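We count residues from 1, following the sequence as given. What you are looking at is a predicted structure, and each value in this text was computed from that prediction instead of being measured. Both counts, for ligands and for their atoms, begin at 1 and track the order of listing.
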Amino acid sequence: MRITFVQDSCENLAIQYLSSLLRKEGHQVFLVIDPQLFNLAHLKNNFLEKIFDARDMVVQEVKNTKPNLVAFSVFTSDYQWALETAGRIKKLDRNIPIIFGGIHPTSVPEVVIREKDVDIVCVGEGEQALLELARSFDKKRKNYKIKNLWFKNKGKIIKNEIRPLLRNLDKLPLPDKDIFLSKSPSFLKQYYLIMATRGCPYRCTFCANHVKAKIYRGKGKYLRIRSVENVIKELVWAKKKYPMLKMVGIPDDILPLNKAWLRKFIIRYKREVNLPFLCYTHPRYIDKEIAHLLKEGGCFWLNMGLQTASETNRIKLLKRVESNEEIRRAVNCCHKVKLRFSLDHIFGIPFEGEEEYVEALKFYNELRPDLINEFWLVYFPKTEIINLGKRAGYIDKKTEREINEGKVSTCCTLKIGESSKDISRSKEGEFKNFALLYTLLPLIPKRIMDKIIDKKWYKKVPEVPGLIFFLAKFIGRIQIGQIYLYTSEIKKTSWWALKILKSKWLVRKN
Ligand code: B12
């Protein structure tokens with residue numbers, strides 16, 4: 001059968017795995033990209049967005065693939081875009097079935113299946129479900145009993161139960177990277193995106209992991225790790241296939257979950273792959289040995305979530321178990337081996353305010369990370385933190401409905417001076433000074449920052465225009481050698497901009 005995925009300009013591992021499995025069974029898989037230039041919250045510009053609007057091109061391209069099924073892999077941040085695109089496809093041909101899968105439909109399938117342009121929803125892992133669906137399409141006999149899938153049939157909603165989680169991740173084929181690369185060279189950018197695990201041992205109240213873990217309760221082990229052999233096999237294959245690779249990105253929630261695994265992995269990684277890599281961890285998953293192994297193996301960047309410096313709030317509001325002492329120890333281990341690291345901070349946590357932001361400023365000045373990533377708190381569907389948002393009076397029934405429909409701003413990336421309304425952003429005034437200071441902190445010597453804190457100068461930071469904030473971030477990135485983030489974004493945007501203009505020009509000419 002012919003299946004066409006529609007995706008924004010972000011590489012997506014789920015599509016790569018699903019495509020690989022489908023192609024292996026002989027199905028024809030296509031990918032259509034809507035680059036959504038100048039439409040992402042941190043890069044939004046209404047004028048440019050209109051000029052580079054590619055939606056007509058996208059729908060035409062979908063039509064040209066003559067799909068038997070159109071598929072979307074949906075985050076909450078894309079949900080409204082996905083619905084709008086699905087609507088345009090249906091306008092062209094109502095008979096093309098459309099399936100939505102991914103974290104958003106998994107979190108709120110009851111909301112998604114009600115949409116008139118969505119025919120099927122996948123809840124949870126999609127590998128087996130999509131294969132069974134494709135087989136049933138091939139046999140031209142509709143099967144409404146496929147586990148993990150919800151269907152609409154003659155006005156009725158059919159909800160099938162969820163199957164057990166995949167036990168052995170090694171059994172999955174290598175992800176189909178070419179499906180993205182064939183669309184634009186920008187997809188292989190500088191780094192290779194790979195994941196070694198699925199799941200997370202923690203259940204932070206703001207993260208989708210506890211939503212997924214709840215759905216999968218009783219359905220097998222939630223936290224799974226691929227074997228070292230399997231991960232290395234993929235990387236060796238990738239390095240050979242894509243010689244332009246310069247680094248590897250491993251965005252697993254926590255890479256060093258298992259020390260024995262990490263020891264084995266690093267030895268082989270150094271010997272057989274030997275590319276700089278970046279990964280994520282949790283303060284409880286970093287000690288002297290782990291820091292040393294990561295540094296030895298070529299980890300050029302480690303990211304850790306902290307979110308707040310208040311130990312009480314971390315436990316009470318976020319259900320994060322690590323103490324400040326453990327964080328100090330973790331950070332010292334990184335400093336000792338000169339492993340560069342960033343810390344994540346969330347602004348807008350209910351019940352937090354100036355007192356907590358000052359506490360965090362002091363704590364960060366003590367820890368001296370190479371970078372602080374500041375985020376807004378974004379309330380994702382069904383996450384526990386919504387209850388806190390309600391208690392704090394930020395969220396009422398209507399707002400919760402909007403959260404489930406992806407209608408509140410879902411970009412976590414901080415941008416001062418932004419006009420779009422957000423739940424936590426209504427408290428913007430309370431934290432914009434601190435956001436600027438956190439950004440500048442790695443650039444300012446410790447004793448000067450101590451003085452700023454001591455003299456309470458943070459109260460005097462004037463209202464900063466967005467441009468100043470951007471510049472501060474930009475200088476910070478240059479200082480840590482991450483300018484490639486901007487250059488690759490510029491290259492990617494220019495490539496798509498040219499493509500869109502060319503296709504618009506061709507349409508006009510004909
Ligand atoms: C890798 C990753 C990224 C990467 C790649 C993003 C991408 N487009 O794929 C990067 C770093 C770019 C990224 C960015 C962001 N991310 Co992110 N990211 C992840 C991460 C760590 C892993 C996702 C992944 O690839 N898993 C591997 C695949 C194979 O598994 P999967 O996604 O679960 O997919 C399975 C099923 O869902 C299903 N499925 C998925 N799609 C489909 C489609 C069909 C048709 C079917 C049938 C089934 C199906 O089958 C798949 C295989 O079993 C998750 C956290 C996590 N541990 O899941 C967060 C996560 C997905 N990210 C999240 C967020 C918020 C973001 C950002 C919005 C953050 C920001 N900066 O503002 C951006 C959005 C970027 C964008 N426009 O896409 C949230 C999403 C929450 C939500 N409700 O939407 C998550 C869940 C983290 C969290 N804290 O809660 N992210």
Side-chain angles (χ1 to χ4, degrees), residues 3-22 29 34-36 39-42 69-79 81-82 97-108 118 120-134 146 148-150 163 165-166 169 172 175 180 189 191 193-200 202 204-213 215-216 222-223 249-255 278-280 303 305 307 344 346 373 375-376 378-383 385 403-404 406 409-415:
I3 168 161
T4 302
F5 284 93
V6 188
Q7 165 69 5
D8 64 18
S9 65
C10 209
E11 183 182 346
N12 180 302
L13 274 169
I15 293 180
Q16 292 171 0
Y17 276 111
L18 297 172
S19 164
S20 188
L21 273 166
L22 288 163
V29 188
D34 180 353
Q36 293 190 69
N39 180 24
L40 297 173
H42 54 287
L69 178 71
V70 170
F72 288 83
S73 175
V74 193
F75 285 15
T76 302
S77 50
D78 318 319
Y79 181 52
W81 160 82
I98 292 186
I99 180 168
F100 274 27
I103 183 64
H104 186 76
T106 295
S107 307
V108 277
V118 180
I120 310 165
V121 164
C122 177
V123 184
E125 288 182 334
E127 281 89 354
Q128 287 314 312
L130 195 57
L131 273 182
E132 285 173 27
L133 185 70
I146 300 171
N148 292 51
L149 298 188
W150 289 24
R163 70 190 70 210
L165 283 157
L166 287 173
L169 300 182
L172 290 171
F180 277 86
K189 297 170 290 198
Y191 71 85
L193 188 69
I194 180 171
M195 284 183 78
T197 62
R198 280 195 190 176
C200 179
Y202 296 110
C204 306
T205 54
F206 55 87
C207 176
N209 262 306
H210 76 266
V211 180
K212 280 200 281 188
I215 292 166
Y216 273 112
Y222 181 61
L223 178 59
I250 319 179
D252 298 56
D253 299 287
I254 303 173
L255 182 69
L278 68 86
C279 67
Y280 296 69
N303 189 69
Q307 325 305 1
D344 288 351
I346 299 183
N373 297 310
F375 297 102
W376 307 101
V378 171
Y379 295 89
F380 285 113
K382 299 273 174 82
T383 51
I385 202 151
I403 291 172
N404 292 342
S409 169
T410 43
C411 179
C412 323
T413 320
L414 201 78
K415 187 188 156 200

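- Under a 4.0 Å criterion applied to the non-hydrogen atoms of L13, ligand 1 contributes the atoms 25 (O).
- The line from CD1 of I146 to CZ of R163 is 8.0 Å long, rounded to the nearest 0.5 Å.
- Using a 4.0 Å heavy-atom cutoff, P251 is listed among the residues neighbouring ligand 1.
- Within the model, atoms CD1 of I250 and CG of L278 stand 7.5 Å from one another, a figure rounded to the nearest 0.5 Å.
- In this structure, CZ on F180 lies 8.5 Å from CG on L13, to the nearest 0.5 angstrom.
- Side chains of L18 and E127 form a contact here, defined as non-hydrogen atoms less than 4.5 Å apart.
- In F72, the part holding a heavy atom less than 4.0 Å from any atom of ligand 1 is the backbone.
- The heavy-atom pair separating S107 from V211 by the smallest distance is OG-CG1, 3.9 Å.
- Across G126, G102, S77, A71, heavy-atom proximity to atom 49 (C) of ligand 1 is greatest for G102.
- At a heavy-atom distance under 4.0 Å, only side-chain atoms of F380, from C-beta outward, approach ligand 1.
- Checked against side-chain hydrogen bond (donor to acceptor under 3.5 Å, both in side chains), T197 has the following partners two or more places apart in sequence or in another chain: D252.
- Heavy-atom proximity to E11, at under 4.0 Å, picks out these atoms of ligand 1: 5 (C), 6 (C), 7 (C), 8 (N), 9 (O).
- Looking at S73 against ligand 1, both its backbone and its side chain come within 4.0 Å, counting heavy atoms.
- Looking at residues two or more places apart in sequence or on another chain, you find a ring pair (Phe, Tyr, Trp, His ring centres under 6.0 Å) between F72 and W81, F100.
- In this structure the side chain of Y202 never reaches within 4.5 angstrom of the side chain of D253, judged on heavy atoms.
- For ligand 1, the polar-atom distance check against D253 finds a nitrogen or oxygen pair separated by under 3.5 Å.
- For S20 (side chain) and Q16 (main-chain N/O), no donor-acceptor pair under 3.5 Å exists by modelled atom type.
- One finds the CG atom of N303 at 12.5 Å from the CG atom of L255 (value rounded to the nearest 0.5 Å).
- Geometric assessment of R198 against the ring of Y17 yields a positive cation-pi assignment under the 6.0 Å and 45° thresholds.
- Counting heavy atoms only, G124 comes closest to atom 38 (C) of ligand 1 of the residues P175, G124, G101, A14.
- Among H104, R198, Q16, the residue whose heavy atom lies nearest to atom 29 (C) of ligand 1 is R198.
- Below 4.0 Å from some heavy atom of A208 lie the following atoms of ligand 1, by number and element: 86 (C), 88 (C), 90 (O).
- Against a heavy-atom cut-off of under 4.0 Å, C10 is close to the following atoms of ligand 1: 8 (N), 12 (C), 76 (C), 78 (O).
- Both the backbone and the side chain of T76 come within 4.0 Å of ligand 1, counting heavy atoms alone.
- Contacts with ligand 1 closer than 4.0 Å are made by side-chain heavy atoms of D8 only, the backbone lying farther away.
- Looking at G305, C200, C207, it is C207 that brings a heavy atom closest to atom 88 (C) of ligand 1.
- Close approach of ligand 1 to L18 is summarised as follows: ligand atoms under 4.0 Å from at least one heavy atom of the residue are 42 (C), 43 (C), 44 (C), 46 (C), 48 (C), 49 (C).
- Between the choices M195, E125, K212, E127, the shortest heavy-atom distance to atom 52 (C) of ligand 1 belongs to E127.
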